[in-house]
Amino acid sequence: MNTVIVGTQWGDEGKGKIIDILSRKVDFIVRYQGGSNAGHTVVTNGREYIFHLIPSGILHKSKICCIGNGVVIDPAALIEEIKGLASCGIRVDNRLKISPLAHIIFPYHKVLDKLRESKRAHKIGTTGRGIGPCYVDKINRCGIRVGDLINPRTFREKLKDNLKEKNEIFKKVYHHPGFNFNLIYKEYLHYGEILSRYVYNISALLNRAIVEKKDILFEGAQGTFLDIDFGTYPFVTSSSSTAGGSCIGSGVSPIKINKIIGVAKAYATRVGEGPFPTEFAPAFNKFMREKGSEFGATTGRPRRCGWFDSVMVRESILLNGITELAIMKLDILDGLKIIKICTGYKYKGKVFKELPYELEILAKAKPIYQQVPGWKDKISGIREFKRLPNRAQDYILRLQDILEAKISFISVGSSRDEIISLQVFRKQLD
Ligand code: IMO
Ligand code: MG
């Protein structure tokens, strides 16, 4: 069984926790897009792990974790992550495999990311990790890949070629001194040496695994509305964070994917700029941000918070072909008097039940809400759906109705075991 996990909102839905839980049942876990802009948090035995590049399944000792061709790799960040895991007693040798086709992030990508951002009239609020500029080079066919990094001669040639053009642009357009070839060459050659032991033909590995009836979990980063095509462009990331990205970014055929699990928060959050129709007013935003610890796992930036937007999540279900949903952080809604669910938008007298693609409409539309009463009790200790307060059950059932999709997981706390899961839950609903 090959399963894709995707974010259905703007990232930070809690994908890390679902991946961690499902990793137990699979043999391979694969990251297929994005880079160290992602921040996937897993809490286990009171310890918090934040992953940026390595699939969060690495915490399960016997699993093989792959970084596919679709990912952009900051080698320093990756090595840091490997070391961090080693210091917690988690060894990745023989379990971490990196595609030679994945592109490498260089210092000039990170600097350019920040320079572009500072000059933009409408800021995106990028993570500054060099993601966009690295993907630009990939599409522009001048990128440098993992396979190049471990071949000193090719690497020298490609880096020289890149710096020649880039340094001129840095100097003339951005009044930046540019980058020294020798410094980068030496630094990155060293990274190449460290990483070479992990380089592996990922598509061959995964396709062989499929023949052997092994199970694969594809770990999406970011969320549907940060997708380069279907997101709230230009306030998006530079990769395909929808389910299709799993095939392009790993070399596995779409015909081999069996299941797509969408992850959604019980409310909504967004980091960075861009339209957010259901965003709370400032005071309530601050209250919910603190209640939900909504601060970016990568940049530490405060996340913007809002009500659950079913128009967007319904669109996500379509775009990704989601077969089941995980609803995360339901416990954060504990103690609220009322809870709202957005079911449409109103703009210039017109009602939208489907997501409008014109950014202006999305930015200015007024959400149409259904209201449900909240519950008082704390729900973190609950492991069975029928033990949830009636109003919490009603909220989940209402979501399921509106979304016309099955909910298979409900997260009621940050820790690995604070989850109400499929087997118990499904039987009660069907
Ligand atoms: P995970 O995997 C939330 C956002 C940034 C910015 C926009 C573009 O943890 O869900 P980029 O640096 O990618 O060019 O920034 O995308 N963004 C994320 N927001 N979670 C993420 O990843 C994100 N990755 C990028 O805040 O608005
Ligand atoms: Mg994140």
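Order of appearance sets the numbers: ligands from 1, and atoms from 1 within every ligand. The figures that follow rest on heavy atoms only: side chains count, while hydrogens, waters and symmetry mates do not.
- Electrostatic pairing of D417 and R383 counts as a salt bridge here, judged by a charged N lying under 4.0 Å from a carboxylate O.
- Close approach of ligand 1 to V236 is summarised as follows: ligand atoms under 4.0 Å from at least one heavy atom of the residue are 7 (C), 8 (C).
- Other residues, nucleotides and ligands place more than 12 heavy atoms under 6.0 Å from the CG atom of D93.
- Residue-to-ligand polar distances place T237 within reach of ligand 1: an N/O pair is separated by less than 3.5 Å.
- Residue-to-ligand polar distances keep E273 apart from ligand 1: every N/O pair is separated by 3.5 Å or more.
- F181 carries K160 over the face of its six-membered ring, with the cationic atom under 6.0 Å from the centre and within 45° of the normal.
- Checked by distance only, ligand 1 and R301 come closer than 3.5 Å through their nitrogen or oxygen atoms.
- Residue K256 qualifies as open at atom NZ: its count of foreign heavy atoms under 6.0 Å is 12 or below.
- Contact annotation: for D113 versus ligand 1, there are no heavy atoms closer than 4.0 Å.
- The option from Q9, E219, K15, R116 that lies nearest to atom 10 (O) of ligand 1, judged by heavy atoms, is K15.
- Under a 4.0 Å criterion applied to the non-hydrogen atoms of G272, ligand 1 contributes the atoms 27 (O).
- Scanning the protein for heavy atoms near atom 1 (P) of ligand 1, the closest one is Q222 N, 3.6 Å.
- Restricting D12 to its N, O or S atoms, the one at the least distance from the Mg ion (ligand 2) is OD1.
- Residue-ligand proximity: T299 is placed with every non-hydrogen atom at 4.0 Å or more from ligand 1.
- When only interatomic distances are considered, the shortest N/O to N/O separation between L226 and ligand 1 does not fall below 3.5 Å.
- Annotation: I255, atom CD1; neighbour count of heavy atoms from other residues, nucleotides and ligands within 6.0 Å does not exceed 12.
- Less than 4.0 angstrom separates some heavy atom of A38 from each of these atoms of ligand 1: 1 (P), 2 (O), 9 (O), 22 (O).
- Heavy-atom proximity to I124, at under 4.0 Å, picks out these atoms of ligand 1: 8 (C), 27 (O).
- Between W307 and F280, the ring-plane angle classifies as perpendicular under the 30° and 60° cut-offs.
- Nearest to atom 15 (O) of ligand 1 among the protein's heavy atoms is T126 CA, 3.3 Å.
- Of all protein heavy atoms, the one closest to atom 20 (N) of ligand 1 is D12 OD1, 3.1 Å.
- Among all protein heavy atoms, the one lying closest to atom 27 (O) of ligand 1 is V271 O, 3.1 Å.
- Shortest contact from atom 5 (C) of ligand 1 to any protein heavy atom: G125 O, 3.6 Å.
- Note: F106 and Y108 meet the aromatic proximity criterion, with ring centroids under 6.0 Å apart.
- Atoms of ligand 1 lying under 4.0 Å from any heavy atom of A221, numbered from 1 in the order shown and given with element: 2 (O).
- Protein heavy atom in closest approach to atom 12 (O) of ligand 1: T127 OG1, 2.6 Å.
- Contact check on K291 versus D334 returns no salt bridge, with no Lys/Arg side-chain nitrogen under 4.0 Å from an Asp/Glu carboxylate oxygen.
- Side-chain N/O atoms of S316 and T224 include a donor and acceptor closer than 3.5 Å.
- Here the options are Q9, K15, K17, the test is side-chain hydrogen bond (donor to acceptor under 3.5 Å, both in side chains), and the partner is E13; only K15 passes.
- Numbered from 1 in the order shown, with element, the atoms of ligand 1 that lie under 4.0 Å from a heavy atom of G39 read 1 (P), 9 (O).
- Only the backbone of W10 comes within 4.0 Å of ligand 1, judged by heavy-atom distances.
- Surrounding CG of N140 are more than 12 heavy atoms belonging to other residues, nucleotides or ligands, all under 6.0 Å away.
- The minimum heavy-atom distance between A77 and L53, with the atom names listed, is CB-CD1, 4.3 Å.
- Atom CD of E80 has 12 or fewer neighbouring heavy atoms from other residues, nucleotides or ligands inside a 6.0 Å radius.
- Checking only distances, H40 does come within under 3.5 Å of ligand 1, N or O to N or O.
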